[in-house]
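Everything on this sheet refers to the single structure shown next.
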Amino acid sequence: MNNTQMERQQEEKHLQECREIIRNNILMYEQQVEKRHEETQALFEEVQSGNVELYDQMFTSKSLEEHSRNQLAKNQAAYERPFFGRIDYKNLDERLYESIYIGKNGVQKDQTDVVVVDWRAPISTVYYENELGKGSYTIPNGSEYNIDLLLKRTYDIENGILNGYYDSDVAANDELLVKYLSKNRDAVLGDIIATIQKEQNAIIRENPFHNVIVQGVAGSGKTTVAMHRISYIMYNYKERFTSNEFCIVGGSDILIDYITGGLPELDVYDVKHMRMDGLLTYLLKREWKKKYQLIEPDTCYAWKSKMLFAKELESYLTKLRRNLLGNSAVIDKDLGTLLSQKNNDKFITDNPDFSINRLLITLDERLRSKIKLQCMDREEVGIYGKKLSQYKNYFGSHQYKGSIVTIYERFLEAYGKAYYMDVTPVLAKLHKGCFDVYDVAALVLIYYRTIQKKQDEEFGQMFIDEAQDFGASVYYVLRTVLPQCFFTIMGDVSQNVNYEFGMNDWRDMKDKIFCEPTDDFKVLAKSYRNTIEISEFAGKLLDSASRGAYKIEPVIRHGEPVHMVDSISTEEALGISEEIVQEMQEKGYETIAFVCFDNETAEDIRKRLYGRIDLEDTAKSGFSKGVTVLTVQQTKGLEFDCVLLWKPNLKGYKDNPKLAKLLYVAATRALHELFVIQ
């Protein structure tokens, strides 16, 4: 038996030993869950019968039961594929040789014996980023460890069977990566941890106290990277961030459903998730009235999405603040100077995040403290109470108690005059209680600058996907009103389907909003989603969509040519499509999408296909397996095993970047096969 065969046997033996440990863990945790569930139920019944002093004990028992359930789930998930990687290295600081196996879930034999290291652990970054030879890795507290990496190995394991392994300088051997990418969509998500690339890993493990903007071409893994970044931060910074401080933001319910559906697999639970318009109305608290309604933005008023609009509104609010707080000195004829203008100006300047009303309330607090101090040495009886009464609500009486909509309307009128624009139609919609997402963003900034009582500390980490679909004014507002929050922003300006409103470049974001030294801008150029054939088709569209700013670097994975299907009528096209769907399902593809270019066509195709093909209702079920009919806008951020583009306009896109972006988005939704129904 040669060395290669011996090593293979040792790896197979180690795999089975790991599985045996996991099997024993599963049995142990099953027993724990059953026992602790019985204890919790018994305590619950006692508390229900009036024995309330057992409440804390019941709560503790419930927590222990939940812990056992989580451990059981992790071990069950690890059983078929305990690990995907291994690194052998010498710790140069401690002069120790170590060999560790890395898996999707950490596995322990007991309290001290770690059999498989969790992919999120600091040492695991060596597998993703380091090349063989001397290097280092850093842990969350900033400490750095020097190592000499001797071996990096990637395993191909399915259903508990070792199919093979690959030794390489890179995290994932191309052969294995292509094998995973060739699977259907669900399988790809399950295997991606083993094949995270160096540039993706750098974003996932970027300091959580930095803001990160990621420009990634279609299929570069932006959404997957964001999901893994959430999991990584939760695992390594659990003392700093709780799950309810995380918020995922997207432009559509389908996209949010798609993202959140994969989070439990990454050990992520209980994070907030909202559409962008929902987040903004949420930030308005009680100022968002039940009678108000959200409407789609009108391209005629795209100026509301621009940075200029946000800056002009900020300037208007600064003047309002200056007028209300300008003369704030308080001089009493008996006590002298209580608050000087100089000290007040410094206080106001030092607290730029205080709203006008909050400043007025705090000035009253400072005034009361100064009165108390000035009266301490005076012998006059009752002067303290007299002065408190005299200056009661001295500043607070000037608080703004009106509607923030009124301020917005006044600003719009001033803005219209300054830029010679007719804002009457916008004001008419506001009077009817109709607001688009940019109106709401403006109201959030007004609320924050005028009447907010205390800073919003609810959000610690915010993840925004398909960020290019919204204009810079929205991000200016979010960055301003959530100064303690850290943002991970994922997008692709080549996929901006809201051409007039959204972002067609990142300049304002990089130069005017996220422009601190710790703010980072990263690019993901390699596409892992599409086959070479689909990427080449999409690449021609991308040249027009982005004017050459960002190019696709496809992973070498060949597939079927893009199918150009000619038809003489809609009925013939439907018949051909029906045959295509059947053929794709027979191939084992689980997600198939008809992609249309407007709502009317999508609705017409749904009706025509009804009874001929079993369609999924995304309005009810969100993202799911099966066949769906969607508009291009609805597919943003999603991917499907097979896509049928319905009657696209392939003429004139070279001189029409708006059309090119729609076509580019639609074409790059396909993982394996793309049909263009003409």
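If you're wondering where the values come from, they're calculated on a predicted model, not measured in any experiment. Values reported hereafter were calculated over all heavy atoms of this structure, with side chains retained and with hydrogens, waters and symmetry mates removed.
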Under 3.5 Å, is there a donor-acceptor pair linking the side chains of Asp604 and Thr601? no
Please check this pair: side chain of Glu533 against backbone of Gly559, looking for a donor-acceptor N/O pair closer than 3.5 Å. yes
From the list Gln215, Met490, Gln200, Met227, side-chain contact (heavy atoms from CB on, under 4.5 Å) partner of Lys222 resolves to Met490
Between Asp508 and Lys512 (salt bridge meaning N to carboxylate O under 4.0 Å), is one present in this structure? yes
Can a cation-pi geometry be assigned to Lys272 and Phe459, taking NZ or CZ under 6.0 Å from the six-membered ring centre and within 45° of the ring axis? yes
Validation row: Ser243, Met234 side chains within 4.5 angstrom (heavy atoms): yes
Over-ring placement of Lys311 relative to Phe309, 6.0 Å and 45° cut-offs: no
Whether Glu639 side chain and Arg669 backbone form a donor-acceptor pair below 3.5 Å: no
Any Gln678 side-chain heavy atom under 4.5 Å of Val565 side chain: no
Would you find more than 12 non-hydrogen atoms of other residues, nucleotides or ligands less than 6.0 Å from Glu458 atom CD? yes
Between Cys596 and Ile605, the two heavy atoms sitting closest are SG-CG1, 4.2 Å
Taking the side chain as everything from C-beta on, heavy atoms only, tell me whether Ile295 gets closer than 4.5 Å to Asp436. yes
Step by step, work out the side-chain contact (heavy atoms from CB on, under 4.5 Å) result for Glu616 and Lys625. CA-CA 8 Å; Glu616 295 296 321; Lys625 296 177 183 178; over 6 Å; no
Stepwise side-chain contact (heavy atoms from CB on, under 4.5 Å) check, Leu313 with Leu317: CA-CA 6 Å; Leu313 176 57; Leu317 294 171; 4.1 Å; yes
Quick check: do Val249 and Asp465 have side-chain heavy atoms less than 4.5 Å from each other? no
For Arg529 and His672, does a side-chain donor sit closer than 3.5 Å to a side-chain acceptor? no
Side-chain donor-acceptor contact under 3.5 Å, Arg229 with Thr488: yes
Parallel, tilted or perpendicular: which fits the ring planes of Phe411 and Tyr408, with parallel below 30° and perpendicular above 60°? parallel
If only side-chain N and O atoms count, and only distance matters, is there a donor-acceptor pair under 3.5 Å linking Asp267 with Ser231? no
Tyr499 six-ring centre to Lys658 NZ/CZ under 6.0 Å and within 45° of normal: no
Is it true that Glu409 and Lys429 make a salt bridge, defined as a side-chain N closer than 4.0 Å to a carboxylate O? no
Go through the steps for Trp288 and Phe435 under the test side-chain contact (heavy atoms from CB on, under 4.5 Å), then give the verdict. CA-CA 10 Å; Trp288 182 254; Phe435 303 83; 3.9 Å; yes
Assess the residue pair Val581 and Phe594 against the criterion (side-chain contact (heavy atoms from CB on, under 4.5 Å)); give the C-alpha distance rounded to whole Å, side-chain angles, the decisive distance to 0.1 Å, and a yes or no. CA-CA 10 Å; Val581 168; Phe594 285 79; 3.9 Å; yes
Between Tyr475 and Phe470, is the gap from one ring center to the other below 6.0 Å? no
Answer yes if the side chains of Asn496 and Asn504 hold a donor-acceptor pair under 3.5 Å, and no otherwise. yes
Evaluate the ring planes of Phe241 and Phe246, with Trp represented by its six-membered ring, and classify them as parallel (under 30°), tilted (30 to 60°) or perpendicular (over 60°). perpendicular
Going by atom types alone, do Gln585 and Glu583 pair a side-chain donor with an acceptor below 3.5 Å? no
Pair Tyr419 + Trp303: ring centers closer than 6.0 Å: no
Can you check whether Lys661 reaches Val497 side chain to side chain, under 4.5 Å on heavy atoms? no
Ion pair check, Lys522 and Asp520, cut-off under 4.0 Å: yes
Parallel, tilted or perpendicular: ring planes of Phe487 versus Phe514, cut at 30 and 60 degrees: perpendicular
Please check if any side-chain donor atom of Lys636 sits under 3.5 Å from a side-chain acceptor atom of Thr631, or the reverse. no
I'd like to know if the side chain of Tyr664 reaches the main chain of Ala218, judged simply by a donor and an acceptor atom lying under 3.5 Å from each other, with no hydrogens or angles considered. yes
Check against salt bridge (charged side-chain N to carboxylate O under 4.0 Å, His left out), Glu571 and Arg612: CA-CA 12 Å; Glu571 189 56 38; Arg612 301 170 67 160; 2.8 Å; yes
